[in-house]
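Here is the structure we will look at.
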Amino acid sequence: MQGQSQQQAYDRGITIFSPDGRLYQVEYAREAVKRGTASVGIRAEDGVVLAADKRARSPLMEPASIEKLHKADDHVGVASAGHVADARQLIDFARRQAQVNRLRYGEAMGIETLTKTITDHIQQYTQIGGARPFGVALIVGGIENGEPRLFETDPSGTPYEWQALSIGSDRSDLRDYLESEYEEGISTDEAVGLALDTLAQTNDEGLTPEGVGVATITVDDAQYAEVPADDLEAVLAERGLLATDDEEDADENDESAGADEE
Amino acid sequence: MQGQSQQQAYDRGITIFSPDGRLYQVEYAREAVKRGTASVGIRAEDGVVLAADKRARSPLMEPASIEKLHKADDHVGVASAGHVADARQLIDFARRQAQVNRLRYGEAMGIETLTKTITDHIQQYTQIGGARPFGVALIVGGIENGEPRLFETDPSGTPYEWQALSIGSDRSDLRDYLESEYEEGISTDEAVGLALDTLAQTNDEGLTPEGVGVATITVDDAQYAEVPADDLEAVLAERGLLATDDEEDADENDESAGADEE
Amino acid sequence: MQGQSQQQAYDRGITIFSPDGRLYQVEYAREAVKRGTASVGIRAEDGVVLAADKRARSPLMEPASIEKLHKADDHVGVASAGHVADARQLIDFARRQAQVNRLRYGEAMGIETLTKTITDHIQQYTQIGGARPFGVALIVGGIENGEPRLFETDPSGTPYEWQALSIGSDRSDLRDYLESEYEEGISTDEAVGLALDTLAQTNDEGLTPEGVGVATITVDDAQYAEVPADDLEAVLAERGLLATDDEEDADENDESAGADEE
Amino acid sequence: MQGQSQQQAYDRGITIFSPDGRLYQVEYAREAVKRGTASVGIRAEDGVVLAADKRARSPLMEPASIEKLHKADDHVGVASAGHVADARQLIDFARRQAQVNRLRYGEAMGIETLTKTITDHIQQYTQIGGARPFGVALIVGGIENGEPRLFETDPSGTPYEWQALSIGSDRSDLRDYLESEYEEGISTDEAVGLALDTLAQTNDEGLTPEGVGVATITVDDAQYAEVPADDLEAVLAERGLLATDDEEDADENDESAGADEE
Amino acid sequence: MQGQSQQQAYDRGITIFSPDGRLYQVEYAREAVKRGTASVGIRAEDGVVLAADKRARSPLMEPASIEKLHKADDHVGVASAGHVADARQLIDFARRQAQVNRLRYGEAMGIETLTKTITDHIQQYTQIGGARPFGVALIVGGIENGEPRLFETDPSGTPYEWQALSIGSDRSDLRDYLESEYEEGISTDEAVGLALDTLAQTNDEGLTPEGVGVATITVDDAQYAEVPADDLEAVLAERGLLATDDEEDADENDESAGADEE
Amino acid sequence: MQGQSQQQAYDRGITIFSPDGRLYQVEYAREAVKRGTASVGIRAEDGVVLAADKRARSPLMEPASIEKLHKADDHVGVASAGHVADARQLIDFARRQAQVNRLRYGEAMGIETLTKTITDHIQQYTQIGGARPFGVALIVGGIENGEPRLFETDPSGTPYEWQALSIGSDRSDLRDYLESEYEEGISTDEAVGLALDTLAQTNDEGLTPEGVGVATITVDDAQYAEVPADDLEAVLAERGLLATDDEEDADENDESAGADEE
Amino acid sequence: MQGQSQQQAYDRGITIFSPDGRLYQVEYAREAVKRGTASVGIRAEDGVVLAADKRARSPLMEPASIEKLHKADDHVGVASAGHVADARQLIDFARRQAQVNRLRYGEAMGIETLTKTITDHIQQYTQIGGARPFGVALIVGGIENGEPRLFETDPSGTPYEWQALSIGSDRSDLRDYLESEYEEGISTDEAVGLALDTLAQTNDEGLTPEGVGVATITVDDAQYAEVPADDLEAVLAERGLLATDDEEDADENDESAGADEE
């Protein structure tokens, strides 16, 4: 990835700067994100869509236990890519923050505020010794003051706002697709279709309703809702994305370090 | 296991990321799990079955002291594979959590909630310095709201839900067998038989009632119960799995670092 | 950058002196600043101007979420260059300090005092073990006792006061330009133009209203205010700086360690 | 012991996993146990027998000060092998636990409970940084609810229950002997003889009453009692184990690191 | 500086002794002092003079923000050389000590007492782990009981009293000059001239009023006072030290680690 | 001492196990003991004798300040060998323990109990990180319940009881001598002679009253008492051990690290 | 100094034992002592004399600020050699101890007690991690119960009592001189002369009153008193030790790490 000679001594200990000003542990944590399966987020006119590739690595595994989409608060959803156990920590952190906000101020936490609370938490793990960075990226989407908002957090602790984005494996291919296909003003329903189209870009055999997860938060009710499998199947069929063979097992390299490659 | 050149400096200190985004200490902890004898978990229509290979490494050792199956609460059982002493820590942690839940809320803790409390505890040991990860995987099974549930925890701290799974040595062989033989809707009794069939896959000489442990938690009473040796003998005989020679001592390499290779 | 033989052992651990009296971790943190996009600060007769290059790395990214200009208090603005997440920490620190000052003394905090509180905070991270230095430089500008003031903080924790300066990539080219073009006594409006001229020095394709950010704090009302996109477009057009092609995407190397290379 | 190339980097720092899932510091602590003189434990029908090789390394040393057998509570004895000073710590820990149990619950602590309290304590030293593992193995024997119980603790913190076992030097030879000679249902008196026979297996010159220690806890009174030297002499003579020459000094390499090589 | 072979391993970690009894981290901190621009202190009959080279590295930098001379208390001034941010820490420490002394004892702190309080603080950073030494030297001058006093602190934490001294770059040349030109009993005004003469020794192009700083504390009022630029210009002109060309920019190597090379 | 290849990496950091189960830091601490001058302890019928070689390394040094014999309590003496400053720490610890015992229980502390309290303290320094082991061995002698008792503590923290022993330089030669000459039942007076004979074994030029120290604690009064120089001279003369030349200066290598080589 | 091959790995980290039982950091701290200028202590019949070489490294340095002789309490003086800043710490410690003693017990602290309190403090820095040893030796002299006492502390924390001694550079030459010239029963005045004679041994150009310091504490008043320069000049002249040329500047290598090479 990087020039061998350059990085030699700067990536071993606690996060420190290399001579060219890089934080290798943070960059390696980004590689952990890339090892995770893809997640996609799209901001529509009237809502936010989160979608994720969640194929199981065995037919005996419960798809529902593959944690890619998370409800952080009534009005906020999170999609993750990377180290699953790390994602759980950040999402627990986000839930606690959202609840504290409700208790303290009597109202729902803003999406941007929540995202930046998370990224500040992430940043601490890149500067203070005694811990490694978080090996996970999040897409945080929700409704704030009647407007859909969509953010990304990365392992450096930087927050970005997006109209549409993908994180995890094949990130740049999927982003290219989104950049060419996304149009401002699309509806939430159209965004669900675009999200599935995007995830299908790197799945030649098509998708199954169990192998993907889609959640929406619309401006109408500002409620996180996962799209039922039946509805997904209909959409996939309609768009010609449905896998013809139901037994498309993931390959067997299931021993990586907890990255969500299931 | 991995390419030599790649992993060189990234697996020595406290858990940090390698350039390709892996946490080697966590991956090595998984190797410790593979060094342990196999455990199997199966979710039946009306209950959950946990089974484990617990052959003693000497005829003088009490089979009952080989800790592979554990009662975590009335309605929850745990099967482990890997570093025995680590397993004991996690199970003590699980028991305390389950008791606290009963005291605080006056009801049994959900299986999923308990599993995720355990995996969050495990994750801390992979991110915060000053300790190594846990070298053990667990199968957590029990009854929640009248439904059988079956989970896995791995050394990264990721929870998965399964219909049927195996952990420990020969994991992929046993899983292949489970994938081909498991059928949804089987009864708990049938699942006991399937669990023993599975454990027998890599034991050419057959099994003995003392060399295996089986526990069930059925929907009826939601009570963890270990299957008595007499019953096990009957089942083994019926299925043609009973070892003909009672003296099948394990080999002598009893000096590995506490992995449950007994 | 430095002689190889000289620096060999002195740049790896927590910040320590090299034989020639340098603190390499601090110098590497300065390299992180250089990896960030440029920011410019200009002190005018009647106000202070902060400007920053904030081109997005994708058309789908919200330009507003690229954090280069920050309001630290009503009368203080901060422009940053370098590691974004680190900048957020320092700016949060600055905001808290400014608020505490208002609460404690009932008045706005002086720009110089605020800057030196920040640099003292930065210095601690270069001397005490257990953390790395901050990989960010700040331009702190504002109105103090009716006078415009403009300061710089660098990763060593040294405060400097300037009439006009730039931080981040192409620093010395931009400073040469400022040194030749800056004149004492210019108005805030002229300074906005000079700041944009400066940023345009290293952007051959011109600038877009979304790709730059400009903020002013004038002596009149001592209020931080960002210049609206429409106004920016007018100024850019007037000065012949407007990019002819709107689709000047940044290149794709978006995986550096959180430096504000957007 | 192990392949040189494999173990190189994984055995130096605080206890961490090697690529094949081993904890080398724990394995090396087991080597410290092997450097200690042998101890034997036998569970009889009506009691438990602990025996130990405790030859002095000089005729001027008081045999009574060679700590191989310890009374942990009225009804519990402990035999140790390995690092003497470490054994003292664990036995002090065991004594405190047993006393606390009596104070808190008004009854004697169960043997199994006591053993597992000890192994949990040992495990902490293999997972948490800042200390090395304990270099000692223990045989914990006693009477619980009128039943003799016999346990082993090893440096990994794993508890095992045995009918008969040996720890320390020549472990596998002594265990082979025990496996072939031990019979269920033997009396405590017979077990004393078997324990001495076992210790004699690797002492060609025979045993002396001062060079061995034997303790029993019988079901009758559940009292730890060391067998007097006169009785030992009689038993040794009867079994033809008595050393003909009283001056069998141990060799002079008395400078190892506190392992109980006396 | 030192023989390569000798120092190899002794200068990397926290400050420890080398085989020949040296503390390399302290010696390297002295190199950081030498990298700073020169400061001069002179004790006159009726006062103390502090002077410093404070040329800016850009015409746009405010000369006043180049911190070389500091008022520590009404009657005490400090001139520094070396790492600017470190100097700020020590001077803040000195100010707090001086204020505490006034509060506690109702009188001004003695110059010697203040200096030794500073050096004891410095020494802690050379003996206790977890921090690097201070990379700065100070000249502490003031009036104590009606007498002018002049002290030096170095990075080892040793206090020295001087009649006249210089610290920072070209130290030994400037000291030679002082040794030959200094005469006991000179007046404060003469000492101002001598201080400027000394600074001019290594500035071939002469000095500018903005490029130097001079402060005096006289016995008369025991008040720290910086000499105004106009007065400085007069003195420089009178002594033939005035630079003919006003644009003597410092060279461009402005990226060293915070040493006061401006 | 040990095979070079074996010990390479295991003796540098905090005390950890080597692959063959040794604690090198503890073994090296024993080497520090061997670098100290010899001390001898003998248990007589009616008392205990402690003796030590305490030749000064200069005629100007006060022999009384060479600390080899210490009164720990009225009824307990301690002789040391090895690192003098470490010995002082342990003896201070012993004194405090003895006093606490008197205050708490109103009686003198038993010799065995005191010794084991010391060794437990020593053991902590061999297992817990952040400190090195104690580089000293002690002979603890005294009267307990009217009986003379004599113990040794070594750097591993192991207590041993002896009839007669030596510690420090030439340990094995002196022990051989003691083993051949010691007889049970000798009187305290005879033991004083034997102790001096033993110390003379490796001093070809004989002993001086100032160059040795002898203390006794007899059963009669259980009081630690050092033998006056006159009495010592008489005994030395009587046994033909008196040095003919009074000026037997020790050689000049007085710069070792505090071992009691005086 | 030592064999290269032997010491290689044992002198880098926190103070640990080498294979031959040495503490290299302590030995290197002794080298720091040798780098300091010489101090001498002599115990006379009626008092104690402390003397020190305190030549300034520049004629502009105030001789009085060269700290070699210190008053620790009315009746106790301390002469130091080695790292000046470390000496200051120990003397502050001594002063606080002496004051606490006066407050608590209402009487002056004994010289021996004070010395041992200091050495115990020093020892902690050689055993506990996180700090380096003190690089200084002290001569502690004073009056205790009407008797002159004279002690040495070294970097290992070992206390010695002397009739006469020297510390610092040329130690063994000066000690040889003292051993040949010192006579018991000399008066304090004679001791002052002998101390100056001793210091002159390695100063071929003679001594100046400013270049030496002498302090006495006599039995009469038990008051630390420094000998005035005039008296010193008379004594020096009388003994033919007075330097003919007043300008004997020390050489210019004034950059060593704070050792008192002035």
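These numbers come from a predicted model, not from an experiment. To find a chain, count down the sequence lines: A is the first, B the second, and so on, and within it residues start at 1.
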On a heavy-atom basis, the closest approach of D:S58 and F:E179 is OG-OE2, 2.8 Å

So, the part of F:I122 with a heavy atom under 4.5 Å from chain D: the answer is neither

Between F:Q163 and D:P59, the two heavy atoms sitting closest are OE1-O, 3.3 Å

query = Just by distance, do the side chain of D:S65 and the backbone of F:E161 share a donor-acceptor pair under 3.5 Å?
reply = yes

Closest non-hydrogen contact found for F:D20 with D:R35 is O-CD, 3.1 Å

The ring pair (Phe, Tyr, Trp, His ring centres under 6.0 Å) partners of D:H75 (sequence neighbours excluded) come to none

So salt bridge (Lys or Arg N to Asp or Glu O under 4.0 Å) across residues 75-89 of chain D, not counting sequence neighbours, yields D:E67-D:R88, D:D86-D:R132, D:R88-F:D120

Determine whether F:R22 and D:H83 satisfy the following criterion, side-chain contact (heavy atoms from CB on, under 4.5 Å), listing intermediate values before the conclusion. CA-CA 9 Å; F:R22 306 172 82 163; D:H83 201 63; over 6 Å; no

Ranking F:E112, F:R43, F:E152 by heavy-atom pairs under 4.5 Å to chain D gives rank one to F:R43

query: F:Q127 and D:Q89: side-chain donor and acceptor closer than 3.5 Å?
result: no

Residue pair F:L165 / D:L60, side-chain heavy-atom distance below 4.5 Å = no

Here the pair of heavy atoms bringing F:T158 nearest to D:A85 is OG1-N, 4.0 Å

So, the part of F:Q124 with a heavy atom under 4.5 Å from chain D: the answer is side chain

Closest heavy-atom pair, D:A32 versus F:G21, reported as atoms and distance to 0.1 Å, is CB-O, 3.3 Å

One should read off an interatomic distance between F:L23 CG and D:Y28 OH, to the nearest 0.5 angstrom, of 13.5 Å

Q) Short question: side chain of D:Q25, backbone of F:F17 - any donor-acceptor pair under 3.5 Å? A) yes

Whatever's closer than 4.5 Å to a heavy atom in chain D on F:E184 counts as neither

To the nearest 0.5 Å, atom OH of F:Y160 lies from atom CD of D:E62 at 14.5 Å

